[in-house]
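Proteins get letters first, then strands, A, B, ... in listed order; numbering begins at 1 in each.
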Amino acid sequence: AQSVTQPDIHITVSEGASLELRCNYSYGATPYLFWYVQSPGQGLQLLLKYFSGDTLVQGIKGFEAEFKRSQSSFNLRKPSVHWSDAAEYFCAVGATPGFQKLVFGTGTRLLVSP
Amino acid sequence: DTGVSQDPRHKITKRGQNVTFRCDPISEHNRLYWYRQTLGQGPEFLTYFQNEAQLEKSRLLSDRFSAERPKGSFSTLEIQRTEQGDSAMYLCASSFSGAGTDTQYFGPGTRLTVL
């Protein structure tokens with residue numbers, strides 16, 4: 001069965017510093033991968049997605065992610081973090097082609113220090 | 001376009017009561033999903049509709065849970081005889097199934113507290 005691991009429960013980054021959030025997936029075929037962000041008490045907003053093609057994908061709010069098949073990873077990056085980026089970040093995998101459900105990791109809470 | 005909406009945003013109920021949540025998807029989306037998110041966890045899939053047909057249900061969806069999408073537009077999720085373990089955020093998402101690579105867009109969620 002497919003699964004997603006986000007090894008970091010919390011990460012604290014200084015404002016203006018770079019950010020990398022880790023995501024590892026387990027899935028036998030080519031995965032469809034997503035990063036979502038959730039502010040407290042809110043729903044999930046899609047940051048970016050990978051279906052095929054270029055392994056470096058650009059998203060909203062200056063985020064990017066790189067798909068590395070050899071490492072089963074899809075890490076999220078941002079070169080310079082803003083205080084408004086403080087939120088919970090979820091990595092998710094779509095289980096099958098034409099998938100009907102997403103499998104999410106447990107999330108990484110990002111704290112931004114001044 | 002107006003995104004996915006959910007009503008109510010918050011619901012507090014007593015154990016044993018029934019509750020119903022509503023989800024209105026993005027208008028042209030033919031797929032609708034329900035997820036449950038408990039504190040400190042990622043969302044977990046509950047069920048999914050394509051148009052009005054409910055095509056998959058998770059083992060998490062016990063007999064006390066029922067979901068409908070009567071005309072392929074809005075959907076309702078009902079929980080009967082609520083238990084404290086049902087306290088969670090219930091998230092709805094919708095997508096358009098084109099070329100097998102549809103993307104799910106989420107609503108703001110309904111937070112249920114069972115006392």
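- Of the two parts of B:Gln37, only the side chain, counted from C-beta on, holds a non-hydrogen atom closer than 4.5 Å to a non-hydrogen atom of chain A.
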Passes side-chain contact (heavy atoms from CB on, under 4.5 Å), A:Gln42 versus B:Arg9? Steps please. CA-CA 10 Å; A:Gln42 301 299 312; B:Arg9 295 291 307 278; 3.8 Å; yes
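- Heavy atoms closer than 4.5 Å to chain B are found in both the backbone and the side chain of A:Leu44.
- Counting heavy atoms of neighbouring residues, nucleotides and ligands inside a 6.0 Å radius, atom CG of B:Leu115 exceeds 12 of them.
- Within 6.0 Å of atom CD1 in A:Ile60, more than 12 heavy atoms from other residues, nucleotides or ligands are found, so the atom counts as buried in its surroundings.
- Surrounding CD1 of B:Ile12 are at most 12 heavy atoms belonging to other residues, nucleotides or ligands under 6.0 Å away.
- Taking 4.5 Å as the limit, every side-chain heavy atom of B:Phe106 sits out of range of all side-chain heavy atoms of A:Leu46.
- The shortest non-hydrogen separation linking A:Leu102 to B:Tyr35 is N-OH, 3.0 Å.
- With a threshold of 4.5 angstrom between heavy atoms, A:Gln38 approaches chain B through side-chain atoms but not through N, CA, C or O.
- In this structure, CD in B:Gln104 is found 11.0 Å from NZ in A:Lys49, a value given to the nearest 0.5 Å.
- Residue B:Thr103 holds its OG1 atom at 11.0 Å from OH of A:Tyr32, rounded to the nearest 0.5 Å.
- Surrounding CZ of B:Arg15 are at most 12 heavy atoms belonging to other residues, nucleotides or ligands under 6.0 Å away.
- Of all the listed residues (B:Pro43, B:Pro108, B:Gly42), the one sharing the greatest number of non-hydrogen pairs under 4.5 Å with chain A is B:Pro43.
- In this structure, CZ in B:Arg31 is found 13.0 Å from NZ in A:Lys101, a value given to the nearest 0.5 Å.
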